[in-house]
Chemist: 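Handing you a structure now.
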Amino acid sequence: MAKLSPSVLSADFTKLGEEVKRVLDAGADMIHFDVMDGHFVNNISFGIPVLKDLRKAFPDVYFDVHLMITDPLLYVSEFAEAGASCITFHVEAKSPLTATLASIRALKCDAGLAINPSTPAEAVFPFLDDLSLVLSMGVVPGHGGQAFIPGTLNKLRILRDECDRRSLTPYLSVDGGVKAESTAPECIKAGANLLVAGSAVFDAPDAAEIVRLFKSL
Ligand code: DX5
Ligand code: ZN
């Protein structure tokens, strides 16, 4: 069964703690925390102090931190200290990939690598043996609520085949445009085992109901 990581980018920030509690109570497996720097992507979201407060309020939750920032190596230690469980950054970022992955692991966090829609799946192959999570973007990163790019499915298949060929079991995650009633089942069929969903969960009239629907897939 695929796991669900609701993205709080689409939550109501005036009641962030309640929103997080609601989706966790409904069965969400972890919380996806989207960090944007206004440079790597054309949007600015939230960062270290917000994660720190969430960690304080939810000491046992797995925080799946997705850094859409230009130079993740500069910030991984602060995100680890603030309570990240897994830190995922982009192969397209400017930090040296091997050093950044090593730094994340030295901080006792799980390490993930993300790829944009225009980046081939093979870009993560040299690092695959050391990853806890591989994230294939279903949209151009920067904003919630965009339509899923169908070419993502083929990339998920390529990643699934390569992981299976090497007997590796990282989370194979898909982020952007994931909807329980349409794209999520296709992503699972293509090999994803971790679904990130923002607007599908938090813009729904009943977030708990949608979490349960995702979890039934
Ligand atoms: C997009 C973010 C996503 C975003 C997904 O740049 O990385 O995590 O919250 O939002 P939806 O599910 O609405 O496409
Ligand atoms: Zn994300």
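Starting from 1, each residue takes its place in the sequence as its number. One-based numbering, in listed order, for ligands and for the atoms of each. Quick note: numbers below take in every heavy atom, side chains included, and nothing from hydrogens, waters or symmetry partners.
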Chemist: If you count the atoms of ligand 1 from 1 in the order shown, which ones are under 4.0 Å from a heavy atom of Met36?
Modeler: 6 (O)
Chemist: Is there a donor-acceptor pair under 3.5 Å between the side chain of Lys108 and the backbone N or O of Ala80?
Modeler: no
Chemist: Please work out whether the ring planes of Phe58 and Phe63 are parallel, tilted or perpendicular, with thresholds of 30° and 60°.
Modeler: perpendicular
Chemist: Considering only heavy atoms of His66, which atoms of ligand 1 have at least one such atom less than 4.0 Å away?
Modeler: 7 (O)
Chemist: Any N or O of Gly198 that comes nearer than 3.5 Å to an N or O of ligand 1?
Modeler: yes
Chemist: So which protein heavy atom does atom 9 (O) of ligand 1 come closest to, and at what separation?
Modeler: Ser7 OG, 2.8 Å
Chemist: Any idea which atoms of ligand 1 are less than 4.0 Å away from a heavy-atom of Met68?
Modeler: 6 (O), 7 (O)
Chemist: How does His143 reach ligand 1, if at all, at less than 4.0 Å between non-hydrogen atoms: by side chain, backbone, both, or neither?
Modeler: backbone
Chemist: Nearest protein heavy atom to atom 10 (O) of ligand 1, by residue and atom, and its distance?
Modeler: Gly144 CA, 3.5 Å
Chemist: Salt bridge (Lys or Arg N to Asp or Glu O under 4.0 Å) with Asp71: which residues, sequence neighbours excluded?
Modeler: Lys94
Chemist: Is the shortest heavy-atom distance from the side chain of Ser95 to the side chain of Leu74 under 4.5 Å?
Modeler: no
Chemist: Are the side chains of Leu195 and Val174 in contact, using a 4.5 Å heavy-atom criterion?
Modeler: yes
Chemist: Among all protein heavy atoms, pick the one closest to atom 3 (C) of ligand 1 and tell me residue, atom and distance.
Modeler: Asp175 OD1, 2.9 Å
Chemist: Among all protein heavy atoms, pick the one closest to atom 6 (O) of ligand 1 and tell me residue, atom and distance.
Modeler: Gly142 N, 2.7 Å
Chemist: Please check if atom NZ in Lys3 has more than 12 non-hydrogen atoms from other residues, nucleotides or ligands closer than 6.0 Å.
Modeler: no
Chemist: I'd like to know if the side chain of Asp110 pairs up with that of Tyr62 as donor and acceptor (distance under 3.5 Å, no hydrogens or angles considered).
Modeler: yes
Chemist: Would you say Asn116 and Ser118 are linked by a side-chain donor-acceptor pair, where the criterion is simply a distance under 3.5 Å?
Modeler: no
Chemist: Are any of the N/O atoms on Ser199, whether in the backbone or the side chain, positioned under 3.5 angstrom from an N/O atom of ligand 1?
Modeler: yes
Chemist: Please report whether ligand 1 has a polar contact with Asp34, defined as an N or O pair separated by less than 3.5 Å (distance criterion only).
Modeler: yes
Chemist: Run the salt bridge (Lys or Arg N to Asp or Glu O under 4.0 Å) test against Lys56 and tell me which residues pass, sequence neighbours left out.
Modeler: Asp53
Chemist: Using the ring centroid of each side chain, check whether Phe46 and Phe13 are separated by less than 6.0 Å.
Modeler: yes
Chemist: Keeping to distances under 2.8 Å, can you name the protein N/O/S atoms close to the Zn ion (ligand 2)?
Modeler: His32 NE2, Asp34 OD1, His66 ND1, Asp175 OD2
Chemist: Verify the neighbour count for atom OH of Tyr75: are there more than 12 heavy atoms of other residues, nucleotides or ligands below 6.0 Å?
Modeler: no
Chemist: Checking a contact table here: which protein heavy atom is nearest atom 14 (O) of ligand 1, and how many Å away?
Modeler: Gly177 N, 2.8 Å
Chemist: Is it true that Leu51 and Met68 fall in one hydrophobic cluster, defined by side-chain heavy atoms closer than 4.5 Å?
Modeler: yes
Chemist: With Ser7, which residues qualify under side-chain hydrogen bond (donor to acceptor under 3.5 Å, both in side chains), at least two apart?
Modeler: Asp34
Chemist: Quick check on contacts: which atoms of ligand 1 are under 4.0 angstrom from a heavy atom of Pro141?
Modeler: 6 (O)
Chemist: Number the atoms of ligand 1 from 1 as they appear, then name those within less than 4.0 Å of a heavy atom of His32, with their elements.
Modeler: 8 (O)
Chemist: May I ask you to identify, for Ala197, whether its side chain, its backbone, both or neither come under 4.0 Å of ligand 1 on a heavy-atom basis?
Modeler: backbone
Chemist: Which atoms of ligand 1 are found less than 4.0 Å from any heavy atom of Gly176?
Modeler: 14 (O)
Chemist: Would the number of heavy atoms belonging to other residues, nucleotides or ligands and lying under 6.0 Å from CD of Glu81 be above 12?
Modeler: no
